[in-house]
Amino acid sequence: MAAAAAQPAAVAPHRLRVGLVLSGGGARGIAHVGILEVLEKLHVPIDAIAGTSMGAVVGGLYASGLSPQQIEATLRSINWQEAFRDRPPREDLTLRRKQEDENFLVKFPIGIKGGRPALPMGLIEGQSLTEVLRRLTLPVARITSFDDLPTPFRAVATDLETGQEVVMGSGDLTSAMRASLSAPGVFAPVERGGRLLVDGGISDNVPVDVARAMGVDVVIVVDVGFPLLPRKKLSSVTAISNQMLAILMRRKSQQELARLGPHDILISPALGDTSSFDFGDVHRMLGAGADAAWRMRGRLAALAVSPARYRRYEQRRAALLRPPPRIDFVKVQTGSKAYSQPIEDLFHDIVGKRLDPDLVGRRITTLYGEGGLDTLDYRVVHQDDRYGLLVDARGNSIGPNYVRFGLSLQDDFSGDSYYDLAMRYVMSDITRAGGEWVTDGQIGQTSLLSTEVFLPLSHFSGWFIMPHTAVENRNLPFFIGQAERAQYRVDTFDYGLDFGKQFGNWGEIRTGIYHEEDRSRLTIGDPFDSQIPFPPHQTFGSRNYFARLTYDTLDDINFPHFGEQATLQWTGERNVAGGRPDLNQVTFDFLAAHTWRDRNTLSLSLSGGSDLERPTDLLMEFPLGGFLNLSGLKQYSLWGPHYGIGRLLFYRKVDRGGPGYLDVPIYLGMSVEAGNVWQNMSDAKFTNLHKNASVFLGLDTLLGPVYLGSGFDDHGNQSFYLFLGRTF
């Protein structure tokens, strides 16, 4: 026993501290998650992580305590098209912003500052992505030093002003990941610590030196950077620009990789020429990462620990996670004071309660969905032993005033073509409650000049008043069969006042009164033609009343995938001058869409209207004909005081798609339509409906939907269409 006691105790071999280096590469960085899953299966613990760009996002999420499986589930569940957009999905926008999208096709506004156009600092602000990252990292929201995270972490960004590398190891984790990801020209820069930060890949895409500075003994480096393209592929401005960027990033990366020692491990997934924007193929990139890691399993196994020791490693990571704290106060970030009142109105009732990320997310969406903000973010702060929310609201870098454009072009391949070009100028925040002064101008087949002042009575109450006035000139054709027999030019001047209430972001009830003066004159056709039932010249003046109920939860106005939209309106015209009798009119529109397997969509729409008293002029009748409005007939070839139409559309997305505004979805579709106009309500029967169908190719572009289609009816008529603009 004495001899045994004299022997020295066995010393466990020293375990090498392992650092993980995750490079930038945009969507190619999804492969990092596949590698993390293999490291977990091999029981290789990670002691420190340094990441750049997408590597910072994946590394930051793992450092925050998420497992590789949780990160994978997040990547698969994210709608990347929405995550890389500036604003919430359409169904979350205020009804006013939804209505603006219906009229003005170009998807992004141009700001006006000092009387000059102002462009945004990036094509994508990244509001949606920031919200996703914020929600995922809430369990470590109390932690301000990245050394205290479940796995110590560093994110690399670049100072846009000086070009210097910026290593972030403290502060807010979400903003650090977002800053590292901010590719110049694509994402807007992130202001952090008094610096304007962009993508870290510019200064250090493979931050081996950063990981070594964290005290690790060996590094596992995952390089998903862009390969240089061969000469035959350098055939476009985009390809050449990407090649220049890859060359600049490659120089520093090669220097870092040259310093790897014999015990360090380099993993390079076989991603080929996969684009940095190819977020639509998550499965393939996860597999590429896992395959690359398995090929190195012999060397990785040397860094593994026993199953029991790895369980203790996972338990230590999980022990640092905390549920959201109770919120004792809400503060507004310096620089956001202009939005203090709406922020206080939104968040005053969460004080004294445990932070509910779903509730806060909905409140953020409510304010952000009004427009006028580049970013609206929050973070948990600790002050005097209390936890609170610090809210950061940044106004539009292009605003508050902005311009939007609308463009509509149509050609029927039979010699008839039409165009309308519109512009809207919006002066935002003209009142403390968020009032807007909107002026529209349009030229083309329809000329228009209008202005309205939208005046909310208070923030978030929904109540509003809106005075408005407009001057409009438009052409109205008159057909006999499928031959245009005459054309009228109609001049309209109106002014009035609306009053109503908006219900959240889904509905509105509105009523109002307006005075209208109309003048129509025959511009094409024989004024003595007995088959034309309307006189060559008419002048009317009337006082009109209306009430309208609107419901809208569609996710997209051009090619909806889910949701409903409905409008019911009564209009009463009371004669003032011109001898026209009083008239009551009722209209109804409904649309619903459902998508399955992500690509297949079925849409049903119904429209109808009735003049309860027989009108005496063409202005009060309803037109049908044209694409998706009885597609086999010429546009506006049917007119009547009563109408009804039903449409059933099927369209399939045939491309894989890209992120956000860079995405131009392509659809193949078909429709079946049935409808008609009637001179008397008693004539409306299923037996006299026109039956039509169409096939089409559709593109959802930045300028609006583009269609190439052909329509057919049950009498042998056929029409062809090529147009940019909305259909019905």
Side-chain angles (χ1 to χ4, degrees), residues 9-22 32-51 55-74 133-155 167-174 176-177 207 210-222 263-265 267 293 297 299-325 355 357 379-380 382 387:
V11 178
H14 170 67
R15 184 183 74 80
L16 297 177
R17 283 176 51 81
V18 179
L20 181 63
V21 179
L22 303 179
H32 293 319
V33 184
I35 290 167
L36 282 171
E37 291 178 339
V38 173
L39 294 177
E40 182 184 67
K41 291 175 182 177
L42 294 176
H43 297 154
V44 177
I46 303 301
D47 298 286
I49 300 177
V57 173
V58 174
L61 293 177
Y62 183 79
S64 73
L66 292 181
S67 69
Q69 292 74 26
Q70 289 172 316
I71 301 174
E72 177 184 342
T74 298
L133 297 177
R134 180 69 63 193
R135 184 184 297 261
L136 291 172
T137 57
L138 270 181
V140 293
R142 297 177 174 90
I143 297 175
T144 57
S145 172
F146 295 174
D147 286 332
D148 297 332
L149 292 170
T151 299
F153 173 66
R154 297 291 185 271
V167 179
M168 295 170 284
S170 63
D172 177 53
L173 178 59
T174 295
M177 292 188 288
V210 176
R212 291 202 192 281
M214 299 174 73
V216 298
D217 301 309
V218 62
V219 292
I220 301 171
V221 180
V222 185
H263 299 295
D264 299 324
I265 300 171
I267 302 176
R297 63 182 177 275
R299 297 192 61 191
L300 292 172
L303 303 174
V305 298
S306 67
R309 193 169 182 179
Y310 194 81
R311 280 196 299 273
R312 291 195 295 272
Y313 162 78
E314 292 180 313
Q315 290 167 357
R316 284 196 301 272
R317 279 172 42 87
L320 292 173
L321 305 182
R322 297 286 186 272
L355 174 61
R379 60 189 176 96
V380 175
H382 187 224
Y387 287 98

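Because the structure is a prediction, the values reported are computed rather than measured.
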Practice problem: Starting at OH of Tyr313, measure out to NE2 of His43 and round the result to the nearest 0.5 Å. | Solution: 12.0 Å

Quiz item: Can you tell me if Gln70 uses its side chain to pair, donor with acceptor, with the backbone of Ser67 under 3.5 Å?
Solution: yes

Self-check item: Minimal non-hydrogen separation, Val33 against Pro68, with atom names
Solution: CG1-O, 3.6 Å

Self-check item: Donor-acceptor contact below 3.5 Å, side chain Arg317 vs main chain Tyr62
Solution: yes

Quiz item: How far apart are the C-alpha atoms of Leu136 and Thr74, what are their side-chain angles, what is the distance that settles it, and do they pass the side chain to side chain contact (heavy atoms under 4.5 Å, CB included) test?
Solution: CA-CA 9 Å; Leu136 291 172; Thr74 298; 3.6 Å; yes

Exercise. Kindly compute the distance separating CG (Leu320) from CD (Gln315), expressed to the nearest 0.5 Å.
Key: 12.5 Å

Quiz item: Which pair of non-hydrogen atoms, one from Pro357 and one from Leu138, has the smallest distance, and what is that distance?
Solution: CB-CD1, 3.3 Å

Exercise. Check whether any side-chain heavy atom of Leu39 lies under 4.5 Å from a side-chain heavy atom of Leu300, and answer yes or no.
Key: yes

Quiz item: If you take all heavy atoms of Ala155 and Ala176, which pair is closest and at what distance?
Solution: CB-O, 4.1 Å

Quiz item: About how many Å separate CD of Glu314 and CZ of Arg316, when rounded to the nearest 0.5 Å?
Solution: 10.5 Å

Quiz item: What's the spacing between Arg299 CZ and Ile265 CD1 if we round to 0.5 Å?
Solution: 5.0 Å

Practice problem: Measure across Pro152 and Asp147 and return the closest heavy-atom pair with its distance rounded to 0.1 Å. | Solution: CG-O, 3.8 Å

Practice problem: State the CD-CD distance between Glu37 and Glu72, to the nearest 0.5 angstrom. | Solution: 4.5 Å

Quiz item: If you round to the nearest 0.5 Å, how far is CG of Leu36 from CG of Leu22?
Solution: 6.5 Å

Exercise. Grab the two heavy atoms, one from Leu42 and one from Ala304, that are nearest each other, plus how far apart they are.
Key: O-CB, 3.1 Å

Quiz item: Do Arg142 and Pro325 come close enough that some side-chain heavy atom pair is under 4.5 Å?
Solution: yes

Quiz item: Quick check: does any side chain N or O of Asp217 sit under 3.5 Å from a backbone N or O of Arg17, one acting as donor and the other as acceptor?
Solution: yes

Quiz item: Does the pair Val140 and Leu173 meet the rule for a side chain to side chain contact (heavy atoms under 4.5 Å, CB included), with working shown?
Solution: CA-CA 9 Å; Val140 293; Leu173 178 59; 4.2 Å; yes

Quiz item: Are the side chain of Arg322 and the backbone N or O of Ala319 linked by a donor-acceptor pair below 3.5 Å?
Solution: yes

Quiz prompt | 4.5 Å side-chain heavy-atom contact, Val222 and Leu20 | solution = yes

Quiz item: Does NE2 belonging to His263 count more than 12 external heavy atoms closer than 6.0 Å?
Solution: no

Quiz prompt | Under 3.5 Å donor-acceptor, Asp47 side chain and Val18 backbone | solution = yes

Exercise. Could you tell me whether the side chain of Leu355 reaches within less than 4.5 Å of the side chain of Val380, counting heavy atoms only?
Key: yes

Exercise. Indicate yes or no: at least one non-hydrogen side-chain atom of Val219 is less than 4.5 angstrom from one of Arg212.
Key: yes

Practice problem: Using the ring of Phe146 (Phe, Tyr or Trp, six-membered ring only), decide whether Arg154 places NZ or CZ under 6.0 Å from its centre and within 45 degrees of its axis. | Solution: no

Quiz item: Do you know the tightest heavy-atom contact between Leu303 and Pro45?
Solution: O-CD, 3.9 Å

Practice problem: Verify side chain to side chain contact (heavy atoms under 4.5 Å, CB included) between Met214 and Phe153, making sure each step is shown before the conclusion. | Solution: CA-CA 9 Å; Met214 299 174 73; Phe153 173 66; 5.5 Å; no

Practice problem: Decide side-chain hydrogen bond (donor to acceptor under 3.5 Å, both in side chains) for Thr174 and Thr137; before the verdict, give the C-alpha distance in whole Å, the side-chain angles of both, and the deciding distance to 0.1 Å. | Solution: CA-CA 7 Å; Thr174 295; Thr137 57; 3.0 Å; yes

